[in-house]
Protein chains: 2
Amino acid sequence: MPKTDKARRYGEGREALLAAVVHVVADKGLRGLTYRAVAERAGVNNTLIAHHFGSRDALLEAAMQWASERSIQLSDLSATEEVDEDFARALVDMVASDPDLQLFQFEMIFESRRRPELRPAVLKLYNSYIGSLENALMRRGYTSPASLARAIFAALDGLVIQQLTVADPESIYAAVVRVGELLASQPHFEHAEPAGPATRIQS
Amino acid sequence: MPKTDKARRYGEGREALLAAVVHVVADKGLRGLTYRAVAERAGVNNTLIAHHFGSRDALLEAAMQWASERSIQLSDLSATEEVDEDFARALVDMVASDPDLQLFQFEMIFESRRRPELRPAVLKLYNSYIGSLENALMRRGYTSPASLARAIFAALDGLVIQQLTVADPESIYAAVVRVGELLASQPHFEHAEPAGPATRIQS
DNA sequence: TCATCAACTATGCATTTGCTTAGTTGTATT
DNA sequence: AATACAACTAAGCAAATGCATAGTTGATGA
């Protein structure tokens, strides 16, 4: 039996369709993103998509907007004070408990290469992640936080992909912890110090 | 005008089709992977695909095999002695000069979630990358090289994705260099020492 | 030189797709 | 209660797709 959300109430169709897009893309890919598949998953008639969004492309764009708005998750995580065991556990748990949102976003990142209208949302997402991480690193006194933030984010991003596709959660957990250790071994303040000089750790 | 490789010689069709798959997937996605698109790109009749491979699924599987065999690239790079400026430049140049192979592989990694027959090849690729990196780290005396190799590979993987989608090559270059610095700051031997004790750098 | 077989092409078709058109139903406003 | 309009459904169609069938062409070995 296919997963369908039934018993929708009047007026909830649009939102249900957007949520359905994320799940359909996550488990059938963009090739499986059809009016009928999305509608079935949302529990509505397929022509409702054309009514609300006009075209498949517009549906995808709307879904990207919608998903990125509710994708505070990693952004919150990145703004955390440090990449420690708690962070690692939270990240691994997040991916394990809601892989579809991550999968959808990765699909959209690659799709944005071919669909210019998706680029703004994708860029905003990435920049918000990397930017908040960069701020956190700067507050903690790391040197040249821009390239460091990019590198650390890339590592976390890459580990999420590995967890989604080829590796078991515990290996990923260990690797995330290792990323935290790499960070800790770089020169930085002992605690976040918004202003003024502070103790700098040398390693 | 569409990119078509014309003037094929008798007997080269199969190989041309496999190469075409990589390019088609890279610039139109898996949704754009149709018999007609691939055949046009390869400069052959679309029914030749059914002749050689039988089905679209089998074509994709064959292309994955084919591509991973000729994807010695990152593996070679990972086995390099250290992640320095030369390595960073080589990585960035590789992605810039041949993005299609990388894009194809990323698409396949995600596709392997839904197509079990692709998993062996994907796992083999990842394990060969991470494994050779782990060996290189072990030779250089890094502690717990398994999680470190996974983390470093994830960082490089993530940076490749960023270069392919959202960031300019020079930002990526800087971040790759930073990854090298993170590695250098970890305790390890000064030079690769296959056996026996050696000078251990403390940071 | 000719037989054989693989590589290759031409035609065609059932299915799936995006989306249009024409309608129905629910809700909010007066 | 009547109006009006948005949310929603039913039916259907032109185009694209995967692939089957039937044939043609080129290389190769006897």
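Note on naming: letters A, B, ... go to the chains in the order of the sequence lines (proteins, then strands), and numbering restarts at 1 for each one. Quick caveat: nothing in here was measured; it's all calculated off a predicted structure.
- Of the listed nucleotides (D:dC19, D:dT9, C:dC19), D:dT9 has the atom at the smallest distance from the side chain of A:Asn45.
- Distance alone, capped at 3.5 Å, is enough to place a donor-acceptor pair between the A:Tyr142 side chain and the A:Leu183 backbone.
- A:His52 has a side-chain polar atom (N or O) that falls below the 4.0 Å cut-off from OP1 or OP2 of D:dC8.
- For A:Asn46 and D:dC13, the CG to C1' distance is 13 Å, given to the nearest whole Å.
- As a whole-Å value, the separation of B:Arg56 CZ from D:dA16 P is 17 Å.
- C:dA6 atom P lies 14 Å from atom CZ of B:Arg14, rounded to whole Å.
- Checking C:dA7, C:dC19, D:dA20 against the side-chain heavy atoms of A:Arg36 singles out C:dC19 as nearest.
- Side chain of A:Leu48, nearest nucleotide from D:dC8, D:dA20, C:dC19: D:dC8.
- Nearest to the side chain of B:Arg31, among C:dC8, C:dG18, D:dC19, sits C:dG18.
- Among the protein residues, B:Leu33 comes within range of the sugar-phosphate backbone only, with heavy atoms under 4.0 Å from sugar or phosphate atoms but none that close to a base.
- By the 4.5 Å heavy-atom criterion applied to side chains, B:Arg114 and A:Asp27 are not counted as neighbours.
- To the nearest angstrom, P of D:dT9 lies 13 Å from CD of A:Glu12.
- Residue pairs satisfying the salt bridge (charged side-chain N to carboxylate O under 4.0 Å, His left out) criterion with at least one member in residues 141-151 of chain A, sequence neighbours excluded, are absent.
- With a 4.5 Å cut-off on side-chain heavy atoms, A:Asp157 and A:Phe106 count as touching.
- The distance between atom CD1 of A:Ile49 and atom C1' of D:dA10, rounded to the nearest whole Å, is 15 Å.
- The shortest non-hydrogen separation linking A:Val21 to A:Ala63 is CG1-CB, 3.5 Å.
- Contacts of A:Glu15 classified as side-chain hydrogen bond (donor to acceptor under 3.5 Å, both in side chains), with partners at least two apart in sequence or in another chain: A:Trp66.
- Judged by distance alone, with hydrogens and angles left aside, the side-chain atoms of B:Arg140 form no donor-acceptor pair with the main-chain N or O of B:Glu82 at under 3.5 Å.
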I'd like to compare against my own output: the B/S/- annotation of nucleotides 23-30 of chain C with a strict under-4.0 Å heavy-atom distance to protein. --BBS---
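- The listed nucleotides are D:dT17, C:dT9, C:dG18; the one nearest the side chain of B:Thr34 is D:dT17.
- Between the CD atom of B:Glu15 and the P atom of C:dA6 there is a distance of 20 Å, given to the nearest Å.
- Residue B:Leu60 contributes atom CG, which lies 16 Å from atom P of D:dT17 at whole-angstrom precision.
- Spacing between atom OH of A:Tyr35 and atom P of C:dT21 amounts to 14 Å, rounded to whole angstrom units.
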